[in-house]
Every structure is written in structure tokens, then in C-alpha cells.
Amino acid sequence: MSSRPPHTLDDDLLLIVTRASDGKLQISPSGSSIPSRRFTIQPVLSAEDEKQFRSYLDDFSRRSGGHSEAESYVEQQLEPLGLRYYEALFATHKHLKTWLDEALRRQSGRLIIASDDHLVHRELWETLRDPRTGRPVVLDGVAVVRRLVTSRFRAVREGHSRALRVLLVPSRPISQSPTRAASRAGALKQILGEDALALCMPATFAQLREDLAAARQAERPFSVAHFEGHGSHVPAEGRGGLSFEDESGDVDAVTGDRLSQAFPDAALVVLETCHAADTVAPKGSWDAAAIRLIRSGVATVIATPFNAHVDQMERFMPAFYGALAAGRSISAAVGAGCIELLNAPNRRPMPGAAPVPLRDWWAIQLYQQGHDLSFAPSVAPKHSGQTPAIVAPLSGTTLPGPVSALSGRPMVGLGVSRLFRFGGMAAALALVLLGAYQLVATQGAQQDERHIRELYERCRNGNAHHCAETERALVRYRLAYRDAFSIESAYWLGLLKEDGRSGQNDYPGALAAYDEACQQGYALACLNHGHMAENGRGLPTADLAMAQQDYERACRLGNLDACANAALVLRSAIDSEARARTKPHAMELYTRACNDGKGVPRGCVGLGTLLEEQGDRADAYKWFSLACAQDDLLGCKRQGDVTTDVSARRSSYGKACAPLDRREGACTGCIPLAKSYAGEENAEAAGEAYRLYEGLCHSGCTSGEPTALSCCRSPEVRGQACLWLGWTYEFGKFGVRSDQAAAERAYRQSCASGNRRGCSLLEELTAR
């Protein structure tokens, strides 16, 4: 007698995981229709690979741009790692495989990994992939949920009866970033609505408890507590926690146990802080904030065991809260945020650096002890076109003393800073007191500036503690010695606030600091201000007019990068009439940026492109050659595009196929180089085309004549190479015997690399 398939009864698959003495993982499935026969697997993630994955995210903010071999290794391991999890859990267990197949078909379901062993939760279960498509299961609605099996949790009301109300709590002293939390609150209000979000200010634990108690008394409790800022470790208690502000304005480390006592009504706690769910870092890590909250009774916690990057969270959080506001469950909303990270991978490791396609969608972890809750759907307000409620940076919102008082804010300064929070006459009085305070704090400016320079140099050498001290010192110096505040110091402050070296990005504060230095003629500050305006950092939306003005000012001050950026903004206009009207000015800017091959290669490439558009290929070749002579890879590729000489074309494409160099244009010459050989009807050229396609697709590496090509890590290039390799195998081209199985493997790799044509050909091939 056959039993009903498991998927007809269970929406969730619970796997209870324990670790045996020999290190193997024992898996016990639990479900009303799934046999509970235990099976054993080897740990999937090795200690060395875990270290590599951790370094991949934790060292991201220290990159100057681009990938190293280690980072490329991690990205290459994501797919095989996800497939190894599938092989370990599902491949040989038909009931579990049936459940997953059905969950993927209906695009919903929770795979719950339950354990109290920190080495089990070290595993990156979120990378699980479907071997038939090569896609992470999160793309098809299957959530990976972690659970602590021996923890208690408080029951909370389920279903759509609860309104979505969020309390945003800055997890940092407000002096470290006075506008960051207000900026985040303004952005979330655009999604959730004005009444659905409140900001806890000042950022003290006492104020948090007061806000939560007031909401309960008004019978409008907060359903979500969202902490944004810094995590802490409390050595005296050996437990993880969050950073608050004490009455003197310094850090108050609050453990997860104390936090959990504050919000018994919260259905969900979001920890937007670094290492909040860390299970394998040094001593005390298993008692990180997320773990303590779960153990103390909170039902659902979202956190990451790695560094939480600002670019990452600014992509994840809007998608997550948008899904919650639409009435989707918490696990589905986490999936929506992860999909956003998958679809938009580019992250800037630091200001001015090129975006890096960071594969970090698996870094967000969901701990859920009970049911998968959802909230009453709410309609987010439409954008009115007006500026959201983002608090503009105000000099004096905090008043530390001179740098000589680095250990804490003087009581006079603290009192003045508190007055600003009341606005009106209190703020006016604070300004008067601030002026008086600064008059008596003018001595020692040069000595303090020397101290700042020393701190900043240590910060640039990678010491995060000195980065925090530098920003704190710069703010104090600015307030205490406003008349003596140097342009360069304003630029430093902008850098620190923008790239988050001291712990958290503060885009509005960075804009204000850059603007101050730019207005006084500091070219780099104008350049950075323009870059932030172009990308909408610290602003409601991107402001290209402001960016153009900033870039042109920096260009006039002698910054050639800014000249090229100004031309690019002009050429980005959608209106063809505007592009035609501004073309002469763009050519002028590109010419200045190129500086006859002695300036910025991007300027030479841009100028060559404009000349090519008007049919002047000979002049275009000249400017592309100037860029290529500076070892600019995109310039080399474009040089190959416009020449008719086959040998010169291959030489140019070969130079552009240098993917270990992460500059703009890397890998762009690889496929054109292969196609140049594929177009010839001789065995030698055909063999070279096949060798290039096969090398780029399978290993990402090729070598040999006519140029020495290094490993290509570009998914786009790999997708195209695998596509052409599949075509080669399918139809027996280039002297290769037809092999349908090999063609299918190549098309599958092309599809997994994001090539839609590869997906279509795979579907056609397998349907025959």
C-alpha cells in the first residue's frame, strides 16, 4: 500500500542535526509524513574553506577595488558548495528529494536546520542549489531557516492580525554618526508609511525601554525591532551584544540577554550589525547577540555572522521590508532581499573604487524558532517627488571637546549637544553656547591637527580602532576650531563618513564634509561629492545635474578623472537631442581628460568612441591606441574593434583578455579573440577557437600563443564561452566530434553564469 507523498502534508522540512564524536553530522528528518530514519553525512564546509568565505566578506571593505585570487576562488566555490549540500541532504533520500522538488515547484517552503552545535550552524546551508538548474534554491522560494533546538521562545500572535510597526534603534553612540539613523528612517518610511516606523532617539538603552513601554501602553506595540549600527562583545560577561550610548555619550555595551527583556512583544528582531550571528569567531562567539536573543526567548532573528556592508544592507533592506509590507511571510521577505543581492551584486569596497560584483546573497541568516509569521499588508505611500525626511548634517548636533579630551565629551559640550534634540529656542540657545564654547577652545589647534594626521595614517594602514578615533577627533576638531579647520581635514572627514572606516557609513555627513572642502577649492572633495550625487548616496535619488556641476568644478581644478566623469554624465542623457547638443562639450572634456595620452585612459576611450560614432574610424583608432598604450584593457579591446588588420586585431584583443587585472575592460577581448579564429576556414585557426572556448568555459584559464592569456573570472565571458562551446559540441564544429552530453554540460554552465541564450539552448536540447 503506497503512502501519500510527503509534500501533500508538510510545508516545512525539519532536519535535526547533531555532531558525532568522529565529527560526522547525524541528520534526523522530522515531519508528519517523512520517515524519521537517521542518516550520516560528512561536514560539507571545511575549516579552510570557512576561513576563505569569512575573509571574502570581512576583508571586503579593505579592498581598493577588484578581486584577488582568494576572492575569485570563493566565487568559484559557491556553485559546487551549493551542489555538495544537495548531494549530502537530498540526492540519495527519495522522501527528502520529493519534498524539495515539490517546494521548488510551488516556490515556497522552509528547510529548517535545527541544532545546538555551533559547528553545524557554521555550515553555509544558504548556498544550497538545485542541480537541474544550477540555481540557488532561494531564487525559487525555498527558505533556509536555522533553529536552536533546546531554546525556549515566547509565543507571538500569528497570521495577518498584527500590524507591521518597526522601531529603528541606532546601535551606536549618536556622536559617531548623527545623521545615519535619520537617513535610514527616512528611506524606510517611504516603503512602510509614516506611521509604521519610529526612531529611537537618543540611542540609549533606557530610551529604548521607554519607547517600547509607551507603545505597549498605547496598545500599538512594535512588531519589529531593527538595530542598525555596531555589535559589541562584553568581556566581563563573555557574551555578545550591541553598542548603545550612555549618559556621557560613550559606548554602552548591552548584552543580548538584557535586550530580550526589553521587547517581549516583538515578533521579529533585525540585527543590521557586524558579526551579530557569529558562531566561530574567537572566545565568546557562540554567545553573539543573535544567539543570546534566541536563547532568551525571541522567536525570529535576522542577522549575519560576517561584516554587514552598507551597500549590501541598502540593497537587502528595502526589498525585505517591501515584501513584509505586501503581506509576505518573514522567510519569503528574506528571500526577496537575497534575490535583490543576487540581481544587483555590484558593491563599492571604498570611495572612488570600481564596483566589485560581490556574491554575498548567502550572508544573511534567518533564525526562526516557531511559525513563519506575516503581518497585515500595508500600502506604502507613493513618492511625492519631494525630499524625504532626511535630517541634514548640522554642525553641533554633538559637541565633543578638543582632541586633547579624546577619552570623553566634556559636560559642557554634552549639555549643548542635548539641547539640539529639542529644536526651537533650545537649539538657538545651543548655537549661542556653542559659539561661546568655541571662543575659549582655540589654543592647541596645530597640535591637535598633527595628532589627527597620525591617527589617520594608522587608520589608512588598516587599524579600525584608529579609524573610529580619527572620525571622533575630526568632529571635535571641527567644532572646537572651526576657523582653523583645514580643507584637507574636511576631505578626510568625508572619506571616513562615506566608506565607514570607523564602523558605519554616514552619507549625508560625508556630503556635507565634501561640500565644505569643495567650496574651498579641494578638487578631490568635488570629485567625491559628484560621485555620491551621481549614485544617490545621501540624497533621495540620484542628482545628475549636481554631479555634473561637481565634476566640472573638479575638472577646472585640474582633476582629469573628474573631466572624464563629467563627459560620461553628459553622454548618459536618454534624450538623443540632448546628447547631440552636448556632444561638442563632451568631446572637449574627454580631450582634456586624455591629455594626449598622458592623462586618464578613460578620456581617450571616450573621445575615440565619439569619433567612431561619427564615422571617423582612423582618428578613433588613434585615441584607442593611446589608451591601450597606457595598458587600459577597454582601450585595447576598442582598438581591435576598429582596425581591419587581422594580426593587429588579434594582438589588441589578446591584450584585452587579461582578466586577472581587474581594471575596466578586463576580459572583454577574450570572446572577440576566439571569434576572430572561428571565422577562418583552416584547421589551425579552428583548433585555436576551440581551445579558447574550452579553456574559458571549463577552467576560466587559457594560455598560449599568440598572447599569454590569464584566468578569466568574468561570469559574462564564461557564459558566452560555454554557449559557443556547447554549440561546438552540439553540431561538431572546429574538428570536434558531436557530443550531446558535453553540449548539455556546456549549455548548463552557460545558463548558470547568467547567459539567457545558454538557458534557452539547454531547454531545447534536453526537450528533444
E763 CD: over 12 foreign heavy atoms closer than 6.0 Å: no

Under 3.5 Å donor-acceptor, D58 side chain and N307 backbone: yes

R129 (side chain) donor-acceptor with G134 (main chain) under 3.5 angstrom: yes

Ion pair [X]/[Y], N-O distance below 4.0 Å:
| X | Y | answer |
| --- | --- | --- |
| E79 | R359 | no |
| K622 | D619 | no |
| D311 | R537 | yes |

Looking just at side-chain N and O atoms, do [X] and [Y] make a donor-acceptor pair shorter than 3.5 Å?
| X | Y | answer |
| --- | --- | --- |
| Y693 | Y729 | no |
| Y73 | D49 | yes |
| D641 | Y653 | yes |
| Q740 | S738 | yes |
| Y551 | E534 | yes |

Identified side-chain hydrogen bond (donor to acceptor under 3.5 Å, both in side chains) counterpart of N565 within the set E552, R602, H531, Q548: R602

Y85 to L124 - nearest heavy-atom pair and separation: OH-N, 2.9 Å

Atom of A627, atom of G635 and distance for their closest heavy-atom approach: CB-CA, 4.0 Å

